[in-house]
Each structure stands twice: as structure tokens, then as C-alpha cells.
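As a basis for the values below, the full set of heavy atoms in this structure was taken, side chains included, without hydrogen atoms, waters or symmetry mates.
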Amino acid sequence: MEAAEDVNVTFEDQQKINKFARNTSRITELKEEIDDKKKQLQNLQDACDDILVLDDDSLLIPYQIGDVFISHPQVETEDMLEEAKKNLQEEIGTLEAQVESIQKVLSDLKVQLYAKFGNNINLEADDN
């Protein structure tokens, strides 16, 4: 069994390791938020599909705004659902751009840290 190389960890190295850990945690949070928003988007799409099946323009459809439900005509409800879908798609796009940006930072940090510490540091996430 070989002894691990004795590598001196500087303050700057520790800052990079801490930054890597913070960004890894942040990327996990963002991915969970993206998944939640995609589920919300699918629910809105399902609601749109259900409303399209309705054939009664005089029917008032309850739409949740905050903690209350307000009844709207079918066309108005469809418009509100489409607007909500559009907003969610924009939010998902913004979150995905943040993930991409953080992944670039993580990639740069990996190169720097592996260059100094080699096999003495493990920066790979346990993706299950």
C-alpha cells in the first residue's frame, strides 16, 4: 500500500474547495426546482387539455389565484393557463441557464483542484 502524497493545502485551495461545495449544493437545489416547475408545467398542460374537451362556452371554470378560486369563462381560463405556462417556461429557462453557468464554474474548479491534488481529492458527485 502506497502512502498518499503529502500535499500542502493553502488558504486559496480551501477557498476553491469551499466554492466547489457551495456550487455543487446550489446546482442540486436548482435541478430540484426545475423538476418541480416541470411538474407544474405538466399539470397546467393537463388542465388545458381537459378544458379543450369541454364544449360549453357558458360554463364558468374555477381558477386558483393565491388561496382562492375565482370562476372565469372558458376562454379567459384558457388564456390564464397559457400565460401561466409561458411564465413557467421562462422560469425553467432561467434556471437551466443558471445550472449551465454553475456547471462551467465547477468544471474550471475541477481542473484546478485535480491539477494540484490529483487522486487525493474526489470531486465527483454520487449521482444515483
Side-chain angles (χ1 to χ4, degrees):
M1 182 171 147
E2 291 182 32
E5 270 184 52
D6 195 18
V7 179
N8 187 25
V9 179
T10 65
F11 178 74
E12 291 79 22
D13 295 333
Q14 189 60 53
Q15 294 299 99
K16 289 177 185 177
I17 293 168
N18 292 346
K19 184 176 181 180
F20 187 88
R22 281 191 310 272
N23 280 300
T24 300
S25 177
R26 180 68 181 136
I27 213 166
T28 301
E29 292 169 2
L30 288 171
K31 286 180 178 181
E32 289 173 1
E33 191 172 345
I34 289 169
D35 288 343
D36 288 344
K37 291 196 180 294
K38 284 183 177 180
K39 288 176 188 171
Q40 292 173 18
L41 186 60
Q42 183 59 50
N43 289 341
L44 288 174
Q45 184 58 52
D46 292 345
C48 286
D49 294 346
D50 288 346
I51 288 175
L52 285 176
V53 174
L54 298 175
D55 201 18
D56 186 359
D57 291 338
S58 64
L59 185 64
L60 292 177
I61 300 170
Y63 188 90
Q64 185 175 5
I65 300 175
D67 292 333
V68 298
F69 286 89
I70 300 174
S71 294
H72 297 280
Q74 181 176 345
V75 174
E76 190 175 331
T77 303
E78 288 173 352
D79 292 343
M80 293 170 75
L81 287 170
E82 289 300 325
E83 182 68 24
K85 282 173 37 181
K86 179 181 160 211
N87 290 340
L88 268 176
Q89 288 167 337
E90 289 173 2
E91 290 174 23
I92 289 169
T94 300
L95 292 171
E96 287 174 339
Q98 289 176 2
V99 166
E100 194 173 306
S101 173
I102 291 172
Q103 285 174 331
K104 289 177 185 173
V105 170
L106 291 176
S107 179
D108 291 343
L109 287 169
K110 274 185 181 183
V111 168
Q112 295 171 27
L113 292 169
Y114 277 130
K116 179 161 185 178
F117 297 106
N119 291 334
N120 293 325
I121 191 167
N122 180 12
L123 303 174
E124 301 305 318
D126 293 331
D127 291 333
N128 292 356

Residue pair Lys110 / Phe20, side-chain heavy-atom distance below 4.5 Å: yes
Check: Gln42/Asp46 side-chain N/O donor and acceptor closer than 3.5 Å: yes
From OG (Ser25) to CG (Leu30), nearest 0.5 Å: 9.5 Å
Looking at CG of Asp13 and OG1 of Thr10, how far apart are the two atoms once the value is rounded to the nearest 0.5 Å? 3.0 Å
Quick one: are Arg26 and Gln98 in side-chain contact, heavy atoms under 4.5 Å? yes
Working note: Leu123 + Leu106, criterion side chain to side chain contact (heavy atoms under 4.5 Å, CB included); need CA distance, chi angles, decisive distance, verdict. CA-CA 9 Å; Leu123 303 174; Leu106 291 176; over 6 Å; no
Here's a test for you: under side chain to side chain contact (heavy atoms under 4.5 Å, CB included), which of Leu60, Leu59, Asp79 qualifies with Pro73? Leu60
What distance separates Ile27 CD1 from Leu95 CG, expressed to the nearest 0.5 Å? 11.5 Å
Point-to-point distance, once rounded to the nearest 0.5 Å, from CD of Glu124 to OH of Tyr114: 4.0 Å
Roughly how far, to the nearest 0.5 Å, is CZ of Phe11 from CG of Asn18? 8.5 Å
From Gln45, Glu90, Met80, residue fulfilling side chain to side chain contact (heavy atoms under 4.5 Å, CB included) relative to Lys85: Gln45
Quick one: does His72's side chain get under 4.5 Å of Ile70's, heavy atoms only? yes
When you compare the side chain of Glu78 with that of Cys48, does any pair of heavy atoms fall below 4.5 Å? no
If we only count heavy atoms from C-beta on, is the Ile34 to Glu91 side-chain gap below 4.5 Å? no
Could you go step by step and tell me if Leu88 and Lys38 meet the side chain to side chain contact (heavy atoms under 4.5 Å, CB included) rule? CA-CA 8 Å; Leu88 268 176; Lys38 284 183 177 180; over 6 Å; no
Between Lys37 and Glu96, does any NZ, NE, NH1 or NH2 come within less than 4.0 Å of an OD or OE carboxylate oxygen? no
For Asp108 and Gln112, does a side-chain donor sit closer than 3.5 Å to a side-chain acceptor? no
Connected via hydrophobic side-chain network under 4.5 Å: Val105 and Ile121: yes
Is the backbone N or O of Ile102 less than 3.5 Å from a side-chain atom of Glu100, with the two atoms forming a donor-acceptor pair by type? no
What heavy-atom pair brings Phe117 and Val9 nearest, and what distance separates the two atoms? CE2-CG2, 3.7 Å
Taking the side chain as C-beta and beyond, is there a heavy-atom pair between Thr28 and Lys31 under 4.5 Å? no
Interatomic distance, CD1@Ile61 vs CD1@Ile51, rounded to 0.5 Å, equals 4.0 Å
